[in-house]
Amino acid sequence: MRLSQYFFSTLKEVPKDAEIASHQLMLRAGFIQQLSSGIYSYLPLGLKVLQKFQEILRQELNSAGAIEVLFPSVIPEELWQESERWDAYGDQLLKMTDRLGRQYCFGPTHEEVVTEMAKQFIHSYKQLPLNVYQIQTKFRDELRPRFGLMRGREFCMKDAYSFHDSESSLDETYQVMKTAYYNIFESCGLEVQAVEADSGDIGGSESAEFMITAETGEDAIMKCSESGHAVNVEAAKTMPFKANEFRDQVSIEHVSTPSMKRIEEVVNGLNCSSSDLLKSLLVEVDNELVLVLIRGDHELNELKLKKQLNAFSINFVNDDDVFNTIGTVPGYVGPYQLSECRIVADHSLDPTYPYIVGGNQPDTHLRNVQLKYDVTVESYLDLRNASAGELTPWGGVYEEVRGIEVGHIFKLGTKYSESMKASFMNKEGRPSPFIMGCYGIGVGRTVAAAIEQNSDDKGMVWPKSLSPFDIQLICVNPKKEILTNACDSLYTNLKNTGLDILYDDRLDSPGKKFQDADLIGIPLQVIVGKSFEKSSEIEVKFRSSGDRLSLPYDRCVETIKELFDGC
RNA sequence: CGGGGUGUAGCGCAGCCUGGUUAGCGCACCUGUUUUGGGAACAGGGGGUCGCAAGUUCGAAUCUUGCCACCCCGACCA
């Protein structure tokens, strides 16, 4: 492609709304254009990278035995009513109405549609297992879209769904897909980490996230220093408190703590450590009040709480009336002599440690409250976030890394097939719901993550598998016929070897062309200029290392091809 | 949804506080001449309903009110 004929433009200045490298660079290099919050156009270079990745996806998934389909992006309400997600999915579901008043949503994911497909076409265990995938535009009305393609509202996603007649068959495909995922990210030259995760609202038993490690990642990953085992912070288990010996009971003291509502304020006011305090959190669990006890320096994990209590919904209480009816004061809630609700405690609490707790009356805390003697704790459960430095269940300590979630695989089980009554005839001749798995990869997000992991102050640095072109050919001065002739025939010859060439034949100054080339980040630059006039040599520059070498013009095509292959 | 910020040419910004020529600057763009190894120089030029609407005023980019869009932080940690 001759750059002078291409649709392409770069910006010298960083658009003010872009915060992270990938977003800034994609805007500056003319890869994308924002049309609305979280909604982007893919410009030619951006689209090429996206398509490169999509081809890698197709190749790996096809060889893993998955079959490509394409579902509609607009889905009728009825399907989502069947799975009971029409209301449950929440505000992120973009709903619309047609001219007859029928309701639709723009698909944020396609479990319903694929299940409907299986329901109609798969009648027998003999047709199983089946694994289908699509590469589709999705829409999720994110609470807060940000970082360009990293968290858009409209985005491109690869989603695969598998159907099975047994758990073991699901296991098999799950493993095959896991391997395929490693291959996919590896062939993009990305460092990826599979992380044990909570399956969230999609449901199901087992799930793993694929994280690209990057400082700007939105997710926290806890990694075991010994086993290397990695877990999303949402799912990282903490170790229960181990009692060496019980302390004796000590007497409770009232302390006056005016305007000390927050942990920090109590720590300063009473000159103690935050681990001496108990946080007492009033939580509405399925319409029942529960008091949750967490150590002052720890964080509650709502997902764990929800799971441990087998709850459907969890809401923090912020209504003064509620505090009044159970006789507590916001900011001074405590477990001592609180009989109005259930009390659960985090399992890392020490039952005989003399904690400082809220006094259930204004401006008062209590010292020396020992859970074992003073409080009726219903149960001790794993309720909090693990933090860096503490013990893991695998004999090491947690280390915290930041990551970008680029893929997620789930064992769904029969959640959708049961609610949507999708079944097949099993070997025993009885109807049986499909056992399902689902497997997603964020296409745009992976591309953005690839930039986060591979860029420098000059611009992007593409691995050749994702690069929009293979080689950037630069004619330093197109006004000199000798250079233009040399470039033109080099362009043709390189193209004939099957390489995809971006030929910068613009009349601009050399500086601009070099800067643009570095910004776009194509792995190899071939420069025809001074040294060609002097000694018939062309220059090759490697974008990633900055290394340069000179080659004689005659028969340089072969060498360039080899250099590219070796990239 | 709550809090904060921004909105002036394609991009980045000044002007607004203290209302008063024809609304300015840099980059980008167009024409010409020169230039071509790290974002060229000179000369000339085009491009704006100052986010939208109402109000105050003789007069509004500037003051007031409402709305909209975009960005950031937060979304319950008592």
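Heavy atoms only: backbone and side chains are in, while hydrogens, waters and symmetry mates are out. Letters A, B, ... mirror the listed sequences (proteins, then strands); counts begin at 1.
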Check ring pair (Phe, Tyr, Trp, His ring centres under 6.0 Å) between [X] and all other residues, then give those that pass, not counting sequence neighbours.
X        : answer
A/Phe469 : A/Tyr6
A/Tyr355 : A/Tyr353
A/Tyr89  : A/Trp80
A/Phe31  : none

(message) On the side chain of A/Arg28, is there an atom forming a donor-acceptor pair with the base of B/rG39 - under 3.5 Å, no angle test?
(response) yes
In whole angstrom, give me the gap between the [atom1] atoms of [N] and [M].
N      : M      : atom1 : value
B/rA69 : B/rC52 : P     : 15 Å
B/rG47 : B/rG3  : P     : 43 Å
B/rU8  : B/rC50 : C1'   : 4 Å

(request) Give, for atom OG1 of A/Thr238 and atom CZ of A/Arg384, the distance between the pair rounded to the nearest 0.5 Å. (result) 4.5 Å
(message) As an exercise, state the distance from CD of A/Glu77 to SG of A/Cys105, rounded to the nearest 0.5 Å.
(response) 9.0 Å
(message) Expressed as a whole number of angstroms, how long is the span from A/Glu142:CD to B/rA75:C1'?
(response) 14 Å
(request) Find the distance A/Asp17:CG to B/rA69:C1' and express it as a whole number of Å. (result) 11 Å
(request) Remember a base hit wins even if backbone is also touched, and classify A/Leu27 as base, sugar-phosphate or nothing at under 4.0 Å, heavy atoms. (result) nothing
(request) Would you give a per-nucleotide map of nucleotides 26-38 of chain B, 5' to 3', where B means the base has a protein non-hydrogen atom under 4.0 Å away, S means only the sugar-phosphate does, and - means neither? (result) BS-------BBBB
(message) Applying ring pair (Phe, Tyr, Trp, His ring centres under 6.0 Å) as the test, list every pair that has at least one member in residues 529-549 of chain A; sequence neighbours left out.
(response) A/Phe532-A/Tyr553
(request) Enumerate the residue pairs fulfilling ring pair (Phe, Tyr, Trp, His ring centres under 6.0 Å) with a member in residues 499-520 of chain A, sequence neighbours excluded, ordered by first and then second residue. (result) A/Tyr491-A/Tyr503
(request) Check every atom of B/rC11, B/rC70, B/rC72 against the side chain of A/Ser36 and return the nucleotide holding the closest atom. (result) B/rC70
(message) Counting only side-chain heavy atoms from C-beta out, which of B/rG39, B/rC72, B/rA78 sits nearest to A/Thr10?
(response) B/rG39
(request) Both distances under 3.5 Å, Watson-Crick or G-U wobble: report the partner of B/rU6, or none. (result) B/rA69
(message) Any side-chain N or O of A/Gln34 below 4.0 angstrom from OP1/OP2 of B/rC71?
(response) yes
(request) Could you pull out all residues at least two apart from A/Ser467 that satisfy side-chain contact (heavy atoms from CB on, under 4.5 Å)? (result) A/Trp462, A/Ile522, A/Pro523
So which protein nitrogen or oxygen atoms get under 3.5 Å of nucleotides 6-8 of chain B's nitrogens or oxygens?
from	atom 1	to	atom 2	distance (Å)
B/rU6	O2'	A/Lys16	NZ	3.1

